[in-house]
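Only one structure is covered here, and it is reproduced in the block below.
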Amino acid sequence: MLLFYEPSTRTRHSFELACKALGADSVSLAAASSAVAKGESLADTVRTARALGADAVVLRHPASGAARCAAALNLLPVINAGDGTHAHPTQALLDLFTVRQRRGGLEGLRLTIVGDILHSRVARSSALAFARTGARVTLCGPPTVLPPAAGTALGAHVCHDLATALRGAEAVMALRIQQERQDGGLLPSAAEYRARWGLDAARLAAECPTAILLHPGPVNRGVELAPDLLDLPQSAVEAQVRAGVAVRMAVLYLLLGGEAA
Ligand code: CP
């Protein structure tokens with residue numbers, strides 16, 4: 001059962017398509033139109049999913065740690081489809097897959113992640129995953145949303161100047177500016193953000209002309225990315241979405257008892 005307490009296009013529908021491709025039935029529960037809106041707790045919703053015959057739960061939730069709490073009930077396997085600002089593990093897997101397909105491997109990769117690192121579960125999961133493969137990961141963004149400790153925690157370098165962070169990068173990931181998670185004006189205005197940390201063709205051409213361009217979506221065109229960047233051949237943003245189905249098929253298959261080839 002797919003339990004989505006936050007909006008989603010890519011993750012939810014790629015899990016649905018992955019289930020279909022594997023011959024599994026999937027049922028989606030959108031929190032806003034379910035008994036969650038009447039106050040049902042996460043634990044009771046997971047219990048209800050099990051009573052309805054679900055073999056596993058795919059959970060997206062605004063609270064960091066929600067997937068761990070649901071898994072700790074020991075009722076059903078729980079796959080984290082994004083929890084608060086904590087983690088988005090299947091996004092990290094599809095990012096690795098996309099770059100490996102485009103580049104032919106991950107060894108020695110230089111990846112730069114640009115944006116609001118503090119609030120980004122994608123940055124957290126992907127930085128850790130790429131660093132584990134031996135990649136050199138650089139985090140870049142406004143100092144208010146890129147604490148120095150983030151580098152140590154995620155095995156990454158921290159750089160606040162965009163040109164320096166982009167220099168020589170082989171893959172560049174822009175993050176969505178998440179207005180819904182801003183709590184107290186940590187970000188500059190959209191105009192200042194665009195001027196100092198927005199990606200455009202001239203910046204990429206000057207510092208990393210062949211870099212693979214990644215974005216987890218949805219994109220705020222004209223803020224973190226210039227509107228035309230997604231049309232460049234180096235953009236892998238649609239490839240990321242396509243990879244999401246195959247990667248989530250693999251996750252479902254392996255976590256629910258399939259064997260690795
Ligand atoms: N990348 C991502 O999680 O997108 P959705 O919010 O559309 O699922």
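All ligand and atom numbering here is 1-based and tracks the order in the structure.
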Subject >> Side-chain donor/acceptor of R124 to backbone N/O of L118, under 3.5 Å >> reply: yes

Original post:
So, does N220 use its side chain to make a donor-acceptor pair with the main chain of V223 at under 3.5 Å?
Top reply: no

Subject >> Pair listing, ring-ring contact (aromatic ring centres under 6.0 Å, His included) test, anchored in residues 1-43, at least two apart >> reply: Y5-H61

**OP:** Identify, with sequence neighbours excluded, every residue that meets side-chain hydrogen bond (donor to acceptor under 3.5 Å, both in side chains) alongside S126.
**Re:** D95

**OP:** Identify, with sequence neighbours excluded, every residue that meets salt bridge (charged side-chain N to carboxylate O under 4.0 Å, His left out) alongside R196.
**Re:** E192

Subject >> Amino acids contacting ligand 1, non-hydrogen cut-off under 4.0 Å >> reply: S8, T9, R10, T11, R60, H88, Q91, P216, G217

Original post:
Would E6 and R121 pass as an ion pair if we require N to O under 4.0 Å?
Top reply: yes

